[in-house]
Amino acid sequence: MMSMIETNKNSLQKNRTVWIHSCRNENVHAFKETIQELNDENTWLTSFVFYETLPESETNAIEGRVNLLEIKEEILIKDAKYYICGPALFIKVQYQSLVELGVNKENILYEEFGPQLLSLN
């Protein structure tokens with residue numbers, strides 16, 4: 001996923017990109033500083049972070065697991081491609097949420113962490 005965002009950063013188009021990350025807490029938040037820096041420096045990037053447990057310090061993270069319905073106004077972009085990366089159960093939930101929001105299945109791509117058992121399209 002980071003290579004995709006880096007490619008967008010370095011391309012001439014700089015397509016509107018929404019980065020959504022979910023993890024247990026900020027201590028295990030992968031690419032936190034890199035994404036924050038990109039988000040602060042670029043108008044083409046919007047990011048959302050979901051933590052199961054919020055830190056005691058101030059944060060922009062949303063408590064809980066990813067809920068695409070909660071941020072649908074930001075993620076529903078005409079002709080967008082949606083890339084989901086994670087374990088099978090996470091992918092299934094997000095995939096179904098996107099379908100329920102009216103996203104064409106052909107525009108949903110995913111990469112599974114684990115034995116690669118999913119075949120949703």
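The chain is numbered in sequence order, starting from 1.
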Q: Atom CD in Glu52, atom SG in Cys23: separation rounded to 0.5 Å?
A: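 These two atoms lie 8.5 Å from each other.
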
Q: Do Leu38 and Ile5 make a side-chain contact, defined as non-hydrogen atoms from C-beta onward lying under 4.5 Å apart?
A: yes

Q: I need the full list of ring-ring contact (aromatic ring centres under 6.0 Å, His included) pairs touching residues 64-91, with sequence neighbours left out, sorted by first then second residue.
A: none

Q: Restricting to salt bridge (Lys or Arg N to Asp or Glu O under 4.0 Å), what partner residues turn up for Glu6, sequence neighbours left out?
A: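 Listed in chain order: Lys9.
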
Q: Would you mind listing every salt bridge (charged side-chain N to carboxylate O under 4.0 Å, His left out) that reaches into residues 79-88, with sequence neighbours excluded?
A: none

Q: What is the distance from atom OH of Tyr110 to atom SG of Cys85, rounded to the nearest 0.5 Å?
A: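 It is 12.5 Å, given to the nearest 0.5 Å.
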
Q: Is there a path of hydrophobic side-chain contacts, each under 4.5 Å between heavy atoms, that joins Phe48 and Leu76?
A: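 Same cluster: Phe48 reaches Leu76 through Ile, Leu, Val, Met, Phe, Trp or Tyr contacts under 4.5 Å.
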
Q: Where do Tyr95 and Ile108 come nearest, in terms of heavy atoms and distance?
A: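 Result for this residue pair: CD1-CG2, 3.4 Å.
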
Q: Which residues satisfy the ring pair (Phe, Tyr, Trp, His ring centres under 6.0 Å) test with His21, sequence neighbours excluded?
A: His29

Q: Between the side chain of Thr17 and the main-chain N/O of Asn15, is any donor-acceptor distance below 3.5 Å?
A: yes

Q: Using a 3.5 Å cut-off and no angle test, enumerate the donor-acceptor pairs between side-chain atoms of residues 55-75 and protein atoms at least two apart in sequence or in another chain.
A:
unit_1, atom_1, unit_2, atom_2, d
Thr59, OG1, Ala61, N, 3.0
Asn67, OD1, Leu69, N, 3.0
Asn67, OD1, Glu70, N, 3.4

Q: Using the side-chain contact (heavy atoms from CB on, under 4.5 Å) definition, which of the options Met1, Glu112, Gln94 pairs with Ile84?
A: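 Among Met1, Glu112, Gln94, the one that satisfies the side-chain contact (heavy atoms from CB on, under 4.5 Å) with Ile84 is Gln94.
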
Q: Only counting residues at least two apart or in another chain, list the ones meeting salt bridge (Lys or Arg N to Asp or Glu O under 4.0 Å) with Glu37.
A: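 Per chain and number, Glu37 pairs via salt bridge (Lys or Arg N to Asp or Glu O under 4.0 Å) with no residue.
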
Q: Treating Ile, Leu, Val, Met, Phe, Trp and Tyr as nodes and any side-chain heavy-atom pair under 4.5 angstrom as an edge, say whether Trp44 and Val49 lie in one connected cluster.
A: no

Q: Ser47 pairs by side-chain contact (heavy atoms from CB on, under 4.5 Å) with which of Asp40, Val18, Ile20, Ile35?
A: Ile35

Q: Do Ile77 and Arg16 make a side-chain contact, defined as non-hydrogen atoms from C-beta onward lying under 4.5 Å apart?
A: yes

